[in-house]
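A note on names: the letters A, B, ... follow the listed sequences, proteins ahead of strands, and every chain is numbered from 1.
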There are 2 protein chains.
Amino acid sequence: MKPTLQDVANAVGVSRSTVSNAYSRPDQLSAALRHRILDAARQLGYPGPNPTARSLRRGFVGAIGVLFTSQLSYAFTDPFAVRFLAGLSGAAERHGAALLLVPLPADPALARTAVENAAVDGFCVYCAGDEEWALEAIRGRALPYVTTAVAEAAHPAHRYVGIDERAAARTVAEHVAALGHRRVALLGDTVLPDTPPGPLRLAGPGDVPHPTTRGRLAGFADAFAAVGVDWSALTVLNATGNSRAAGAAAVAATLTGDAPPTAVLACSDVLALGVLDTLAEAGHRLPHPVSVTGFDDIAEAAAAGLTTMRQPAEEKGRIAAELLLEPPADPAAGHVLLRTDLIVRTSTGPA
Amino acid sequence: MKPTLQDVANAVGVSRSTVSNAYSRPDQLSAALRHRILDAARQLGYPGPNPTARSLRRGFVGAIGVLFTSQLSYAFTDPFAVRFLAGLSGAAERHGAALLLVPLPADPALARTAVENAAVDGFCVYCAGDEEWALEAIRGRALPYVTTAVAEAAHPAHRYVGIDERAAARTVAEHVAALGHRRVALLGDTVLPDTPPGPLRLAGPGDVPHPTTRGRLAGFADAFAAVGVDWSALTVLNATGNSRAAGAAAVAATLTGDAPPTAVLACSDVLALGVLDTLAEAGHRLPHPVSVTGFDDIAEAAAAGLTTMRQPAEEKGRIAAELLLEPPADPAAGHVLLRTDLIVRTSTGPA
DNA sequence: ACGCCCTTCTGGATCGATTCAGTCTGGATC
DNA sequence: GATCCAGACTGAATCGATCCAGAAGGGCGT
């Protein structure tokens, strides 16, 4: 079998502790002996202290867990998530912390044990709406955690970095309203679960389960209410996934119907790009008869001329990591609200 | 402190082993007792067996390490790497394996210990040219590993999934040569280390340290040699990074010089897009006076009309994961060569 | 009543290190 | 020459589980 600390100790004729010190606390032994030990280790093919055993004894691991409550591969498919991870990994790198990407089985019970079995010192939970069970499991392990969305009635240990979804969405909608649009559609991913793509009847934004989508729809509604357009006059479109194709599918029938909206406000850039795809296929070029807005300001948005609400993706990731790796003394500092900026491009114009 | 197995055992009045079995081998005890144990655990706030202790005893971790020998955050910046990771994570997810992204310090000695300290069952090494030290460290730990490039004189344990870089590049260049181009520039990232952006004198492709770049340049050269264009007649352009900006910077002076090339063959799509940016800024629209080709076929390539060599990014990731997670019995099956396809778009045309 | 098997549960050994209170040694101090 | 001390090294306890040989108890056939 592979050699252990003890084998090296035997070979050199010293105690296990001394070999351990040779690796982890060089100041505890003479340089000469340390060299002898390291040489012997090399000869024996000893690769250094076993990381698992070390973690067990030391009580910490040196890795933070990253949880995507939807599919893990989503993390690499969604441009915003990728930029978030870029920021996260940069900060982790600076702290020498590794990132453990934990895949979650579809079965909730199994998913919970996946969270309980992850060897990490803390968790970053990328919010997908339904994550309370995950947070509960994390708290059960008494590990620190950060979420990527504002939590209203947060548990004291709950740290987060997010934006004011509702206010940001309201700003987008105010821009659209100011351009004179009154017949508008709001487009979101999984506005209601298990619902086909296309228009949806909703009593109000409060009925939307996903908090981020709920906040954004509410913000859109706020702005239109302020100019006299009631919630019931707004069309809500449901997309079955956060992808261009899903966005296109959700909006298709509505755009070709009679009395199509003059503006479509999407809850994400990816969905908005899907809308632009549909318009482009119908032969429309910018500026369109239909104004379109997105959310997040991903790289593709600029190229497509998409008006959108920018949120600092990399910074969000960086701060999430820092909240875990250098925990603020003041608990209030554990709640970070990021700035957002309306980026007006060519996809919006007068009604 | 947090409760342990022993505490739960004491509370219920059974042995440690029985509590352990309640979690890991439910068939070893009666359902009734199992429920009593699990209930007691819940009451005590016991979060389930400690993952680190379990790993130590069981001898495996349930995670595979992912090594980017350049900066970790590069993984999320390069579109090809992201798609690779998407494939990797999808396969890992299916096997219930977690992904440990290990950041490597710039200092080589520290980087080596980072590899030695990662608690994983195997490594996927995303090739960056200089990774032999990492492979050595991994072999020292007797862990299985996969690299993302073909290795010629591979260690027996060395599994890989790659493409025939040279043949693929040759195919691209043959396409360009067939269009009549004879005055061409070849563009690569870090053709020689520590060299400013722009043209470079090289005796031949053999002088390039990075194996992937070397293979691609050699393939380009092969095709042009076949039509009578000598290596010395080719311009080699060095980019200082794999980004659009770096690609643009590398090519700028050459494009505006006298006798500019009629075609630029880049070693990656990102670099090629940088060249297109430069051309667009100079007011050129497709089809250009200058043909441009890329490599990889990332998503942006299609939108930009870039002719490129497609390699199956997600599949590469998937196969890498599978080579680790379901090791082939036949060692020859540990060497996978992927298919590549020339995708001709509008960025190439007759000279 | 006896032996046998099967299920259920136990106790101790073990995984591979780290930690900390000591012990030992040689040299400086008075 | 006795005392003290800093530096170098040791040993046992510990981290929190899993594993396995075996003990206890119950049911069954003869």
Side-chain angles (χ1 to χ4, degrees), chain A residues 1-38 40-41 44-62 113 116-121 140-143, chain B residues 1-38 40-41 44-62 113 116-121 140-143:
Chain A
M1 271 329 291
K2 268 186 302 185
T4 71
L5 257 198
Q6 183 71 72
D7 299 321
V8 179
N10 294 343
V12 183
V14 295
S15 81
R16 203 161 58 253
S17 325
T18 303
V19 180
S20 175
N21 285 334
Y23 283 95
S24 322
R25 308 162 71 166
D27 56 312
Q28 295 295 302
L29 34 54
S30 64
L33 179 56
R34 175 153 191 266
H35 259 103
R36 269 212 297 145
I37 291 176
L38 263 29
L44 288 174
Y46 176 70
N50 177 311
T52 308
R54 163 180 295 198
S55 295
L56 174 59
R57 183 63 240 237
R58 288 199 169 161
F60 88 108
V61 180
T113 69
E116 287 169 340
N117 286 336
V120 296
D121 301 318
R141 291 183 59 184
L143 290 177
Chain B
M1 269 329 289
K2 270 187 304 185
T4 71
L5 256 197
Q6 183 71 72
D7 299 320
V8 178
N10 294 343
V12 183
V14 295
S15 81
R16 202 163 61 253
S17 323
T18 304
V19 180
S20 174
N21 285 335
Y23 282 96
S24 321
R25 307 162 73 165
D27 56 313
Q28 295 294 302
L29 37 56
S30 65
L33 178 58
R34 175 154 191 264
H35 259 103
R36 268 210 300 144
I37 292 176
L38 263 29
L44 288 175
Y46 176 70
N50 177 310
T52 309
R54 167 181 294 204
S55 296
L56 173 59
R57 183 62 240 231
R58 286 196 171 164
F60 88 107
V61 179
T113 69
E116 287 168 340
N117 286 335
V120 296
D121 301 318
R141 291 183 57 184
L143 289 177

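Across all strands shown, the partner of dC28(D) is dG3(C), judged by Watson-Crick or G-U wobble contacts whose two distances both fall under 3.5 Å. Across every strand in view, dT29(C) sits in a pair with dA2(D) that passes the Watson-Crick or G-U test at under 3.5 angstrom.
In this structure, Arg141(B) and Pro51(A) have side chains that are in contact, with non-hydrogen atoms separated by less than 4.5 Å. Side-chain contact between Asn117(B) and Arg54(A) is present, with heavy atoms from C-beta onward closer than 4.5 Å.
Nearest heavy-atom pair across Ala40(B) and Val12(B) is CB-CG2, 3.4 Å.
Note: CZ (Arg34(B)) to C1' (dC9(C)) measures 16 Å, nearest angstrom. What separates CD of Gln28(B) from P of dT7(C) is a distance of 10 Å, to the nearest Å. Distance Leu29(B) CG to dC6(C) C1': 15 Å, rounded to the nearest Å.
Of the possible polar contacts, one joining the Asp121(B) side chain to the Gly62(B) backbone as a donor-acceptor pair under 3.5 Å is found.
Residue Thr18(B) places at least one side-chain N or O under 4.0 Å from the OP1 or OP2 atom of dT10(C).
Expressed to the nearest 0.5 Å, how far CD1 of Ile37(B) lies from OH of Tyr46(B) amounts to 11.0 Å.
For the residue pair Ser15(A) / Thr18(A), a side-chain donor-acceptor distance below 3.5 Å is found, with atom types taken as modelled.
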* **Annotated protein contacts, base or backbone, on nucleotides 16-28 of chain C with a non-hydrogen cut-off under 4.0 Å, one of B, S, - each** => BBBB---------

